[in-house]
Chemist: 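I'd like to ask some things about the structure below.
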Amino acid sequence: ASQQSLVRAARWNPYVVGASIGVLSWLVFALVDKPLGVTTSLTGLAGACTSPFIGANAYFKQHAFKWDYGMLFLVGIALGGFLSAVLSGTFRAEAVPSVWRERFGPSAPKRMLGAFLGGNLAMFGARLADGCTSGNGISGSLQLAVGGWTFFLVLFAFGILTSLVMFGPG
């Protein structure tokens, strides 16, 4: 396949993507001397956005906003995902995705509430674990850390459980 067709593909080979994430992780360790991870930067961004309205708490002060590798990685994830969707022709703005609509109905406020609560639970768990999927799971497991492998096992177990509860066994 040509390079242009790979860039424009709606789905990439998971083995190629997995190997690429591994190589990216090695490069980040070599160039920045840090593991992959974005939740600390996301916390700093959240603090910068909310502190003018609710004041800065001790947690946000501990994780202040700064333009560093983590923030550039966070911005790169968002821009890369957007660019990939545009180039592959799969980009579409929708308040209620079809998979949600089929199971829970067409209510946009209900979908937004579900996304907000799910996102907050995921972020709380990532900060409680002192690492997100990339930081704790990918970087931790690449270093053969017991915590990284435990994270992945729990992540997959609860991902399967959650999908069964929300969407049924079919």
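For the numbers below, each heavy atom of this structure counts, side chains included, while hydrogens, waters and symmetry mates do not.
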Chemist: If you look at every heavy atom in P97 and R111, which pair is closest and at what distance?
Modeler: CD-NE, 3.3 Å
Chemist: With a 6.0 Å cut-off (strictly less than), is the heavy-atom count around CG of N120, excluding the residue itself, greater than 12?
Modeler: yes
Chemist: Should we say atom CZ of F167 is surrounded by more than 12 heavy atoms from elsewhere, each under 6.0 Å from it?
Modeler: yes
Chemist: Indicate the atoms forming the closest heavy-atom contact of T40 with H63, along with that distance.
Modeler: CG2-ND1, 3.7 Å
Chemist: Would you give the length of the straight line joining atom CG of L79 to atom OG of S84, rounded to the nearest 0.5 angstrom?
Modeler: 12.0 Å
Chemist: Would you say that more than 12 heavy atoms from the other residues, nucleotides or ligands in this model lie under 6.0 Å from the CZ of F156, or not?
Modeler: no
Chemist: Aromatic rings F73 and Y69: how do their planes relate, parallel, tilted or perpendicular, breaks at 30° and 60°?
Modeler: parallel
Chemist: When rounded to the nearest 0.5 angstrom, what is the spacing between OG1 in T43 and CG in L74?
Modeler: 10.0 Å
Chemist: Out of curiosity, L117 CG to L121 CG, how far, rounded to the nearest 0.5 Å?
Modeler: 6.5 Å
Chemist: Heavy-atom count around R103 CZ within 6.0 Å, excluding the residue itself: above 12?
Modeler: yes
Chemist: Shortest non-hydrogen contact from W100 to V96?
Modeler: CD1-CG1, 3.6 Å
Chemist: Does some side-chain heavy atom of C49 sit less than 4.5 Å from a side-chain heavy atom of L45?
Modeler: yes
Chemist: Taking all non-hydrogen atoms of both residues, which atom of R8 and which atom of L87 are closest, and how far apart?
Modeler: NH1-O, 3.3 Å
Chemist: So do P169 and L164 actually touch side chain to side chain, heavy atoms under 4.5 Å?
Modeler: yes
Chemist: State, to 0.1 Å, how close L144 and W149 come at their nearest heavy-atom pair, and which atoms those are.
Modeler: CA-NE1, 3.9 Å
Chemist: Are the side chain of S139 and the backbone N or O of N136 linked by a donor-acceptor pair below 3.5 Å?
Modeler: no
Chemist: Can you see which heavy atom on L36 is nearest to which on S25, and at what distance?
Modeler: CD1-CB, 4.0 Å
